[in-house]
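Sharing a structure below in structure tokens format, with a few things to ask.
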Number of protein chains: 2
Amino acid sequence: MILNMRIAKDDLRAVAVIRETAMGLFAERGAAAVTVREIAAAAGVSPGLVIHHYGSKDGLKDAVEGRAIAFFEEMIGEFARLGEEGGSASLAELFAGRLESEPAMVDYIRRLLVDGGEAASGLFARLLDATEAGMRALAGAGVVRPAPDERIRTAFLLANDLSLVLLRRQITQAVGFDPLTREGLGTWSAAVIDVYTSGIFAFPAAQQVPGEAEPDEQPLKEGHNP
Amino acid sequence: MILNMRIAKDDLRAVAVIRETAMGLFAERGAAAVTVREIAAAAGVSPGLVIHHYGSKDGLKDAVEGRAIAFFEEMIGEFARLGEEGGSASLAELFAGRLESEPAMVDYIRRLLVDGGEAASGLFARLLDATEAGMRALAGAGVVRPAPDERIRTAFLLANDLSLVLLRRQITQAVGFDPLTREGLGTWSAAVIDVYTSGIFAFPAAQQVPGEAEPDEQPLKEGHNP
DNA sequence: ACAGATGTTAAACATTTGTTTATGATACTG
DNA sequence: CAGTATCATAAACAAATGTTTAACATCTGT
């Protein structure tokens, strides 16, 4: 079989345009709220072509989801690799970097995480595994302080990173800049590093102070009388 | 008008059962993916009754969303009030507390936050305002260390709290317990407090270390040669 | 007990939605 | 140029969905 087929470029062609368009609409409104006709219109093709290429709407959904998962897996791999090499990249930084080439991807991944597709459930776990390995390495190297429970602390740190993806819109609106751009990420990271370095309390020894609002507190290890 | 109407109980009645059932299904799959017939079947009533009570599916959606927003607003109010009083409750703790009475609520609020309904967009902002006020009060009282940018740090802390709601399933699966239960929250909070108190680095002065993976890093204030 | 709300249902309706089918255009090969 | 495989469309279809309508039950107050 000769390789003169146009599949050489593969992307840019209608098949890919449909998939990309669908990802954008799915991310925005959720797959069930988007009709095949809408996708076709947005992609500039006929409704029949969408089905012709992907078999069914579910097929298209699977293709979109599959691509997002592959993207995420690749990112996890890169993340883990950078960890082993002692490289320097945060998860948010990786997201911000890829954001430029595929703007709809981050929005779709947000949906993927929340909608909890079976295939997507494992992503967090695998990401956590990679991150935990990195943290243990850093702890072994004496860079980070060992945690009472490394897995829980890592889960907390990972959730914090992912909250940027999940709450991107709200954060952007609230603070006035998008933390998933290269410039915005710098400003955001500075605040994060500050907390991760020095904590938030004025007197580190006074952590048992029944503060008030923000920090999750009252680990319930000591009851307090009413 | 006499008060013999059964509206006295108001809840428990079919109208409320429908709303509650719909909230559960909407939270699980998204409103668009749930049919009126499914809601009716799950609530044990006829499809027509759903429309009869709420005018349309959109009306039902609005009712559900309105209830969730009211719930959230109430929580924000309580949160702010506790802040002023110097009380002791974290956002996650408030969620965990109400979770028992209305299990579907947290799941729906997760959807509300990511689906970005116009009405829901302001919730984060208002919650952030309340939290920031609380943080400034704590900073003034000398409990917490002042931040370089109080709003950004507060947004970070708030996002961390909300990530518990957003990633509840994934976290539960990954660490083996639900952090939004009273016991789970204690374990989780201990890890959070630990980071907020002592940070994650072994040598707080060595924050410029080009660590590796987890912590967002490289604030870009200093370029690094390639 | 009777009139009238009120709560509820089953069946019918119009529209939308995913999908199919038959047909046409376009480009590459022999 | 003819043949053919690929790409694409328009119109038709069947199922599903939101909604309406008319009738039925159940309680309420007089």
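Just so you know, these numbers use all the heavy atoms, side chains as well, and skip hydrogens, waters and symmetry mates. Numbers restart at 1 for each chain; the letters A, B, ... are given by sequence-line order, proteins then strands.
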Validation row, ring centre A:F79 to ring centre A:F95 under 6.0 Å: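 No: the rings miss the under 6.0 Å criterion.
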
Set of side chain to side chain contact (heavy atoms under 4.5 Å, CB included) partners for B:S56, sequence neighbours left out: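 B:S56 satisfies side chain to side chain contact (heavy atoms under 4.5 Å, CB included) with B:D58 once adjacent residues are dropped.
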
pair B:E183-B:F177: side-chain heavy atoms closer than 4.5 Å: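 Not in contact.
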
Any residue of residues 49-66 of chain A with a heavy atom less than 4.0 Å from an atom of DNA chain D: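 A:L49, A:H53 - these, ordered by number, are the residues of the stretch whose heavy atoms sit under 4.0 Å from the strand.
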
With B:D115 via side chain to side chain contact (heavy atoms under 4.5 Å, CB included) - residues at least two apart: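 B:D115: side chain to side chain contact (heavy atoms under 4.5 Å, CB included) contacts with A:R111, B:R111.
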
Name every donor-acceptor pair, under 3.5 Å, that has one atom in a side chain of residues 119-130 of chain B and the other anywhere in the protein, sequence neighbours excluded.
| from | atom 1 | to | atom 2 | distance (Å) |
| --- | --- | --- | --- | --- |
| B:S121 | OG | B:G117 | O | 3.1 |
| B:R126 | NH1 | B:E73 | OE1 | 3.1 |
| B:R126 | NH1 | B:E73 | OE2 | 2.4 |
| B:D129 | OD1 | B:R151 | NH1 | 3.2 |
| B:D129 | OD1 | B:R151 | NH2 | 3.2 |

Interface with DNA chain D, restricted to residues 26-39 of chain B and to heavy atoms under 4.0 Å: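 Only B:V34, B:T35, B:V36, B:R37 qualify.
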
Donor-acceptor pairs under 3.5 angstrom involving side-chain atoms of residues 101-108 of chain A: please list them, not counting sequence neighbours.
| from | atom 1 | to | atom 2 | distance (Å) |
| --- | --- | --- | --- | --- |
| A:S101 | OG | A:R98 | O | 3.0 |
| A:D107 | OD1 | A:R110 | NH2 | 3.1 |

Salt bridge (charged side-chain N to carboxylate O under 4.0 Å, His left out) evaluation trace for A:R29 with A:E38: CA-CA 12 Å; A:R29 279 182 268 160; A:E38 280 177 314; 3.0 Å; yes

Separation of C:dT6 P from B:R13 CZ (nearest whole Å):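 Roughly 14 Å, once rounded to whole Å.
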
Close side-chain approach of A:N160 and A:V192, heavy atoms under 4.5 Å: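 The answer is no; the side chains never approach within 4.5 Å.
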
